[in-house]
Amino acid sequence: MLKKLLHELKEFKIPSILASSFMVGEVILELLLPYLMSFIVDRGVYQKDLGAVVKYGIYMLIAAFFSLVFGALSGNYAAYASSGFVRNLREAMFRNIQTFSFANIDKFATSGLVTRMMTDATNVQNAYQMVIRLCVRAPLMLIVATFMTFYINSNLALIFLGAIVFLGIALTIITMRSYPQFRRAFKQYDNLNGSVQENINNIRIVKAYVKEKTETEKFQRAVQNLRKMFTKAETTLVWNNPIMQLTMYACMIALSWFGAHFVVSNSMTTGELMSMFTYTMNILISLMMLAMIFVMLSMSFASGQRIVEVLEEEPAIVNPENPVEEIRDGTIAFNDVSFGYYKDHKKNVLHDINLTIKSGETVGILGPTGSSKTTLVNLIPRLYDVSKGSVQVGGLDVRNYDLTALRDNVSVVLQKNVLFSGTIIENMRWGNEQATLEEIKEACHLARADEFIETMTDQYDSWVEQGGSNFSGGQKQRLCIARALLKKPKILILDDSTSAVDTKTDSQIRKALKTSLPKTTKLIISQRITSIEDADRIIVMDEGYITGNGTHDQLLKENELYQQIYDTQKKGDQ
């Protein structure tokens with residue numbers, strides 16, 4: 001795990017080393033001060049030598065000044081290195097997430113990825129800054145201060161040696177118990193973020209059904225559960241403080257008792273005893289810092305593992321060794337295709353699909369909710385890979401194509417219409433970065449989006465709020481269709497993408513697509529028979545099987561499910 005995380009240090013290795021190096025200088029100079037103080041007491045005050053007091057006083061001022069400078073430089077480089085490190089971590093996670101297939105995204109869930117990018121990354125940043133400063137300062141201070149106590153009086157120094165061993169064992173036990181508790185708590189963060197995200201994204205529905213109280217109670221339960229988990233983890237860590245206090249006061253009492261005897265017996269001087277007390281405080285402070293480091297590392301270790309899970313996740317769908325860049329045409333063939341969302345799950349959602357679609361053909365796909373219509377078309381641009389069989393485009397298995405080339409030639413307008421904050425033109429250029437204004441206008445005309453765009457004050461420069469919240473459902477659908485058309489694809493998939501459009505506009509869009517894109521294969525998923533009845537063919541699906549394949553008239557005569565849907569919709573229109 002550490003190797004994977006530290007790989008992202010990159011250009012921040014030198015600032016990290018400098019932060020630690022300056023910290024070494026700060027600690028050494030800081031620990032030199034008590035030793036110089038003992039000289040002032042023994043050689044200056046007791047011997048009434050003012051010159052010695054001034055001399056060693058100047059030495060102390062110089063050491064204190066440079067200790068301060070080194071500390072400031074260490075803090076500056078540590079902040080620079082840690083913030084740069086977490087920036088690289090977030091960029092690395094984001095880059096890897098961009099390579100994920102839908103199957104990878106399903107594994108982590110959106111809320112889990114957001115938690116890793118934000119909360120977990122921040123925990124690692126804080127821990128790293130602590131490591132390159134306190135993890136240098138605390139052990140070095142402990143070692144040097146312990147060495148100085150042995151140098152002054154080796155018998156008294158044995159007190160601290162025993163304290164260090166005792167604390168080391170206690171902190172190890174506490175850390176081992178708290179780590180799994182923190183890991184479970186951070187996993188609960190994912191659930192909390194998911195609840196917040198769901199509520200905010202669907203706030204209109206929440207208000208429409210007057211469910212604010214229910215959602216608030218749901219959020220409170222999630223927060224309360226998270227609080228309990230963190231309380232349990234912190235309850236384990238809270239033992240740090242009493243153990244540290246016990247050790248500190250025990251050392252002070254032992255040092256006072258034995259130190260007084262040594263001074264009385266002339267085994268050590270008063271100045272040496274004073275410096276021993278100072279070094280005692282340094283040792284105990286360093287031990288307290290180590291305890292704090294253990295707490296932070298317990299939390300950050302769990303966060304680090306969650307980040308590494310994302311960094312090490314291999315995309316489920318990758319390019320072949322020698323990918324084909326050119327797609328001949330828009331022919332599609334499903335050859336004995338079966339598919340399940342989970343490899344270890346025996347239940348498939350598509351079963352034994354055999355289907356051939358000619359280039360330029362318009363095919364409607366109809367079926368009840370849950371019949372796997374969307375899953376079927378998702379296999380064409382390789383958003384998922386088949387579990388069995390093969391899907392061919394242009395006469396070749398889609399797994400032989402370069403992913404970018406394949407998806408550039410297969411435009412998909414998904415069920416959920418997503419627009420991004422920016423102008424209409426900027427949103428349209430997601431389909432084609434080089435599209436001219438005339439090309440954008442033409443695509444919008446085909447999708448009948450120009451009807452409302454040209455009534456707006458800024459027209460194609462009009463601002464789109466995040467998610468397209470300032471447009472109606474039908475307007476968003478037409479903009480998304482126009483964006484897909486700008487790719488000039490060989491295959492166009494409309495996944496229930498005119499459901500919010502009135503029947504007249506729907507008919508106009510279909511006629512425009514038929515006349516303007518004669519060579520483009522068009523797959524239209526719809527719940528309305530009127531949207532697909534003039535298609536060259538209609539595929540009827542039910543529970544992952546193709547149960548009908550023919551024209552509107554043929555299916556009305558031969559397919560029972562199609563007849564039922566037609567009769568139901570016909571009665572609803574009367």
Side-chain angles (χ1 to χ4, degrees), residues 1-16 19 78-132 179-180 182-198 200-201 222 226 229-230 296-319 341-343 382-385 403-404 407 414 416 418 420-422 430 466-467:
M1 182 189 77
L2 288 176
K3 184 178 179 182
K4 190 72 176 180
L5 290 174
L6 293 177
H7 176 72
E8 299 305 325
L9 264 179
K10 297 177 181 177
E11 70 270 31
F12 298 100
K13 290 179 183 176
I14 293 178
S16 299
Y80 177 70
S82 61
S83 59
F85 173 46
V86 79
R87 183 203 70 186
N88 287 349
L89 269 181
R90 286 187 172 124
E91 286 181 352
M93 280 194 286
F94 192 79
R95 281 195 306 271
N96 203 40
I97 289 170
Q98 298 311 299
T99 69
F100 286 0
S101 68
F102 281 18
N104 296 111
I105 298 293
D106 293 343
K107 176 180 176 181
F108 287 100
T110 304
S111 58
L113 292 173
V114 170
T115 305
R116 285 166 167 83
M117 290 279 288
M118 303 306 296
T119 305
D120 290 325
T122 300
N123 287 340
V124 170
Q125 176 185 0
N126 294 335
Y128 184 70
Q129 185 168 0
M130 183 178 286
V131 164
I132 58 179
Y179 165 69
F182 275 117
R183 185 165 175 80
R184 287 192 292 270
F186 284 125
K187 190 173 182 181
Q188 182 62 24
Y189 258 128
D190 296 349
N191 299 331
L192 180 62
N193 282 349
S195 176
V196 173
Q197 184 181 35
E198 182 180 49
I200 294 173
N201 287 341
L226 185 63
M229 297 182 80
F230 267 108
M296 179 57 75
L297 291 182
S298 295
M299 297 173 61
S300 61
F301 192 75
S303 291
Q305 278 200 327
R306 285 160 52 82
I307 290 172
V308 169
E309 285 173 2
V310 176
L311 294 176
E312 291 185 340
E313 177 73 8
E314 295 290 336
I317 295 175
V318 295
N319 272 335
Y341 282 102
Y342 304 103
K343 291 182 179 179
R382 258 195 106 190
L383 298 179
Y384 292 97
D385 266 342
L403 281 172
T404 302
R407 291 171 184 172
L414 299 171
K416 185 177 180 181
V418 177
F420 298 88
S421 55
W430 273 69
Q466 185 178 16

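Positions are given from 1 along the sequence.
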Notebook entry, point to check: So do the side chains of Leu383 and Ile317 get within less than 4.5 Å of each other, counting heavy atoms only?
Noted result: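 With C-beta onward as the side chain, the pair stays apart.
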Next item on the list: State which residues pass salt bridge (charged side-chain N to carboxylate O under 4.0 Å, His left out) with Arg407; sequence neighbours excluded, sorted by chain then number.
Entry: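 Expected list: none.
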Next item on the list: Could you pull out all residues at least two apart from Lys13 that satisfy salt bridge (charged side-chain N to carboxylate O under 4.0 Å, His left out)?
Entry: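 Once residues adjacent in sequence are excluded, Lys13 has no partner under the salt bridge (charged side-chain N to carboxylate O under 4.0 Å, His left out) criterion.
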Notebook entry, point to check: Does any N or O in the side chain of Arg116 come within less than 3.5 Å of the main-chain N or O of Val308, such that one atom is a donor and the other an acceptor?
Noted result: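 Judged by distance alone, no pair lies under 3.5 Å.
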Next item on the list: Report yes or no: does Asn96 contribute a side-chain atom to a donor-acceptor pair with the main-chain N or O of Val310 at less than 3.5 Å?
Entry: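 Yes; at least one donor-acceptor contact below 3.5 Å.
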Margin query: On a heavy-atom basis, which atom in Leu403 and which in Asn319 lie closest, and how many Å separate them?
Written below: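 Looking at all heavy atoms of both residues, the shortest contact is N-OD1, 2.7 Å.
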Item checked: Minimum heavy-atom distance between Val124 and Phe85, given as atom pair plus value ->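 So the minimum-distance heavy-atom pair works out to CG1-CE2, 3.8 Å.
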How would you list, by chain and number, every residue that makes a side-chain contact (heavy atoms from CB on, under 4.5 Å) with [X], sequence neighbours excluded?
X      : result
Val86  : Arg90, Ala121, Gln125
Tyr80  : Phe12, Pro15
Glu11  : Arg87, Asn88
Thr404 : Asp402, Asp408

Notebook entry, point to check: When rounded to the nearest 0.5 angstrom, what is the spacing between CD1 in Ile307 and CE in Met93?
Noted result: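 Nearest 0.5 Å value for the CD1-CE distance: 4.5 Å.
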Next item on the list: Report, as yes or no, whether the 6.0 Å neighbourhood of atom CZ on Phe94 holds more than 12 heavy atoms from other residues, nucleotides or ligands.
Entry: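 Counting other residues, nucleotides and ligands, CZ of Phe94 stays at 12 neighbours or fewer.
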